[in-house]
Amino acid sequence: GVNLFKWIVTNTTAYTTCSTDTTFSVISNQFNVSAGNDQVICTNSTFLQAETRPDASSSYWNVITGSPIIENTNDANSQITIAQGASTILEWIVTENGCTARDTVTIRNRRVTAVAYAQEVCTSSATLNAQPPSGSNWGYWTTANPAVVFNPDNSQYDASVTGLIPGANVFTWTLRNANCVDSVSVIMNYLVPYANAGPSISVCDDEHTLSANDPSLQGGTGLWTVDLGSGTFVNPTLYNSGVTGLGQGANTFRWTVTVRGCNNSSLVTITNNKPTISVGAMQNICQNSTILTGNNPSIDGNEGLWSKVTTGPHVIVDPTLYNTEVTGIQNGTAIFQWTVWNSACTATELLTVNNNSVFADAGIDISTCADSVVLGASLPPNATGEWTSLNPGPIIKNSTLFNTWVTNLNANNNSFMWTITQNGCSNSDMMVVTNNAVSVSAGDDQNICENQTTLFGSNVSGGSGLWTLVSGSG
């Protein structure tokens, strides 16, 4: 401003003192300026707070340290951007009336950024995951779930937690220092796939169609396994798969649903009350009676009954006896049903009995006057036959041919056996060939010296003989 000065000159003598003065003014243009208070900020930008002078001919910001971005270096209140964790010293320079004034300000960015990561887990315990604090920063976890326990404590960026509830569990990670604070919330999703194996029921059959939930509605897959009892799944990955071969009594199956790597399972029990029943293998017999081969139902406290499925004269001796005899079975197929029941269920199975009996016919007995003959047996279709001689001597030309030749017959009776085989069954019939051929001898030729002699023909046992003249006289 204006400074007024007075100059005074004084002359002093022995007699008098005289003085004179003059005034002059000095104008000082010196001034002070303020760059504003030092700042500690918790964001990456702030506004400068320097003093402005209306009569200034120039004013601007000068960066002494750091690398800030000043939006307008001539603006006392310009916005400035400073990197997180950085600091800068600025100088505010103002020129007015030929004079310049300066002032500095320090700005420190102490901003913190909390970073944590959402997770999906398959159990009620997990490990949290946040970026660890650096420098003088520190952090801590919080949650609204009172059942959650932090281990070792909630100040660990990678603390373990227990007590998660199925579904979304919200955790907040707070990061701070002496000046700034930031927090972020993340979801720890405890994924428990929905699994429902369906209702437990009792059945009267060895097979059943299961009815679990469809896992594809959750974007997952499923798998059936046997926990107790027995059973074979038609398609173990199908929620409504059929199951065969159910064991007697309780059969427990587990339906496991997997969604994004997490599993959950449910059990269902199918109780098979069907009585134990069996009739054994099909029977092929060679006679008109057999023993039926049902299981003994009394072992399980059940009852049983045999009945005829095919008609015929055959008779079930005791229908309530599991191993009863059947008589009078005709050639062909007879089918029997074995029924076993208890208080809840009834089961039936069929037993087929094939009577494959065959009957051989060697033909009628033959009388011949030669030492060879053609036999005449019968041979059913698809059967095989064989002749055998019951006496030594005769020669059977082809023993498997029903009408074969036989030579070298013995005199009198020759017995032959015709045996046929079909479907595992055999039968034989005998026939007799009587060889009535006569053996004759007229004796040795004679040379005689008189007109008479005695002839010596052979004697025919049981027969008669007659001499006749062939040539000459007599």
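In this text, all values refer to a predicted model and were calculated from it rather than measured experimentally.
Within 6.0 Å of atom CG in Asn74, more than 12 heavy atoms from other residues, nucleotides or ligands are found, so the atom counts as buried in its surroundings. Other residues, nucleotides and ligands place no more than 12 heavy atoms under 6.0 Å from the CD1 atom of Ile187. The number of heavy atoms from other shown groups lying within 6.0 Å of CG (Asp158) is above 12.
Judged as a ring-ring contact (aromatic ring centres under 6.0 Å, His included), the pairs with a partner in residues 100-141 (not counting sequence neighbours) are, in order, Trp141-Trp173. For residues 41-67, the ring-ring contact (aromatic ring centres under 6.0 Å, His included) pairs, not counting sequence neighbours, are Trp61-Trp92.
Residue Lys274 is tested with Asp206, Thr346, Asp205 for a side-chain hydrogen bond (donor to acceptor under 3.5 Å, both in side chains); the sole match is Asp206. Of the candidates Thr43, Asn179, Asn137, Arg110 forms a side-chain hydrogen bond (donor to acceptor under 3.5 Å, both in side chains) with just one, namely Asn179. Tested against Ser185 for a side-chain hydrogen bond (donor to acceptor under 3.5 Å, both in side chains), the candidates Thr143, Thr142, Thr172 yield a single pass: Thr172. For the side chain to side chain contact (heavy atoms under 4.5 Å, CB included) criterion with Trp418, the lone passing option out of Thr388, Asp361, Leu379 is Leu379.
Shortest non-hydrogen contact noted between Ile366 and Val374 is CD1-O, 3.7 Å.
Using a 4.5 Å heavy-atom cutoff, the side chains of Asn240 and Ser211 are not in contact. A 4.5 Å side-chain heavy-atom check between Val203 and Ile270 finds at least one atom pair inside the cut-off. Val259 places a side-chain heavy atom less than 4.5 Å from the side chain of Leu191. At a threshold of 4.5 Å between non-hydrogen side-chain atoms, the residues Trp338 and Leu292 do not count as touching. Contact annotation: the side chain of Leu409 approaches that of Thr368 to within less than 4.5 Å [non-hydrogen atoms, C-beta and beyond]. Annotation: side chain of Asn288 is not in contact with side chain of Thr327 (no heavy-atom distance under 4.5 Å). Two residues are said to be in side-chain contact when any heavy atoms from C-beta on lie closer than 4.5 Å; Pro68 and Val63 meet this criterion. Residues Leu175 and Pro133 are in side-chain contact: their nearest non-hydrogen atoms beyond the backbone lie under 4.5 Å apart.
Counted by atom type alone, Thr421 and Ser426 present one or more donor-acceptor pairs between their side chains at under 3.5 Å. Looking only at atom types and distance, the side chain of Thr419 has a donor-acceptor partner in the side chain of Ser428 under 3.5 Å away.
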| Stepwise, does the side-chain hydrogen bond (donor to acceptor under 3.5 Å, both in side chains) test hold for Gln248 with Asn272? | CA-CA 5 Å; Gln248 300 292 69; Asn272 182 6; 3.3 Å; yes

| Is there a side-chain hydrogen bond (donor to acceptor under 3.5 Å, both in side chains) between Asn391 and Ser389 once you walk through the steps? | CA-CA 5 Å; Asn391 310 108; Ser389 175; 4.9 Å; no

| field | Worked check of side chain to side chain contact (heavy atoms under 4.5 Å, CB included) between Asn62 and Ile64 | value | CA-CA 6 Å; Asn62 179 48; Ile64 297 176; 4.3 Å; yes

| field | Stepwise side chain to side chain contact (heavy atoms under 4.5 Å, CB included) check, Asp371 with Asn435 | value | CA-CA 6 Å; Asp371 66 351; Asn435 181 1; 4.2 Å; yes

| request: Would you sort out whether Thr333 and Thr352 count as a side chain to side chain contact (heavy atoms under 4.5 Å, CB included), showing the intermediate values? | output: CA-CA 7 Å; Thr333 298; Thr352 298; 3.6 Å; yes

| request: Report the C-alpha distance between Asp318 and Thr320 in whole Å, list the side-chain angles of each, state the deciding distance to 0.1 Å, and finish with yes or no for side-chain hydrogen bond (donor to acceptor under 3.5 Å, both in side chains). | output: CA-CA 6 Å; Asp318 184 352; Thr320 64; 2.9 Å; yes

| message | What verdict does the side-chain hydrogen bond (donor to acceptor under 3.5 Å, both in side chains) test give for Asp153 and Ser155, after you've listed the backbone C-alpha separation in whole Å, the side-chain angles of each residue and the deciding distance to 0.1 Å? | response | CA-CA 6 Å; Asp153 55 57; Ser155 66; 2.4 Å; yes

| said: One pair to check against side chain to side chain contact (heavy atoms under 4.5 Å, CB included): Val406 and Trp387. What are the steps and the verdict? | reply: CA-CA 10 Å; Val406 177; Trp387 286 105; over 6 Å; no

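Using modelled atom types, no side-chain atom of Asn284 and backbone atom of Asn356 make a donor-acceptor pair closer than 3.5 Å. Looking only at distances, no side-chain donor or acceptor of Gln49 sits under 3.5 Å from a matching main-chain atom of Gly36. Listed for the Gln156 side chain is no donor-acceptor partner under 3.5 Å among the backbone atoms of Phe150. At distances below 3.5 Å, not a single donor-acceptor pair connects side-chain atoms of Thr269 with backbone N or O atoms of Ser200.
Distance CG/Leu228 to OG1/Thr252: 4.5 Å, rounded to 0.5 Å. A distance of 8.5 Å separates CD1 in Ile82 from CD1 in Ile70, rounded to the nearest 0.5 Å.
For Glu71, there are no salt bridge (charged side-chain N to carboxylate O under 4.0 Å, His left out) partners at least two apart in sequence or on another chain.
Classification of the Trp255-Trp224 ring pair by plane angle, with boundaries at 30° and 60°, yields tilted.
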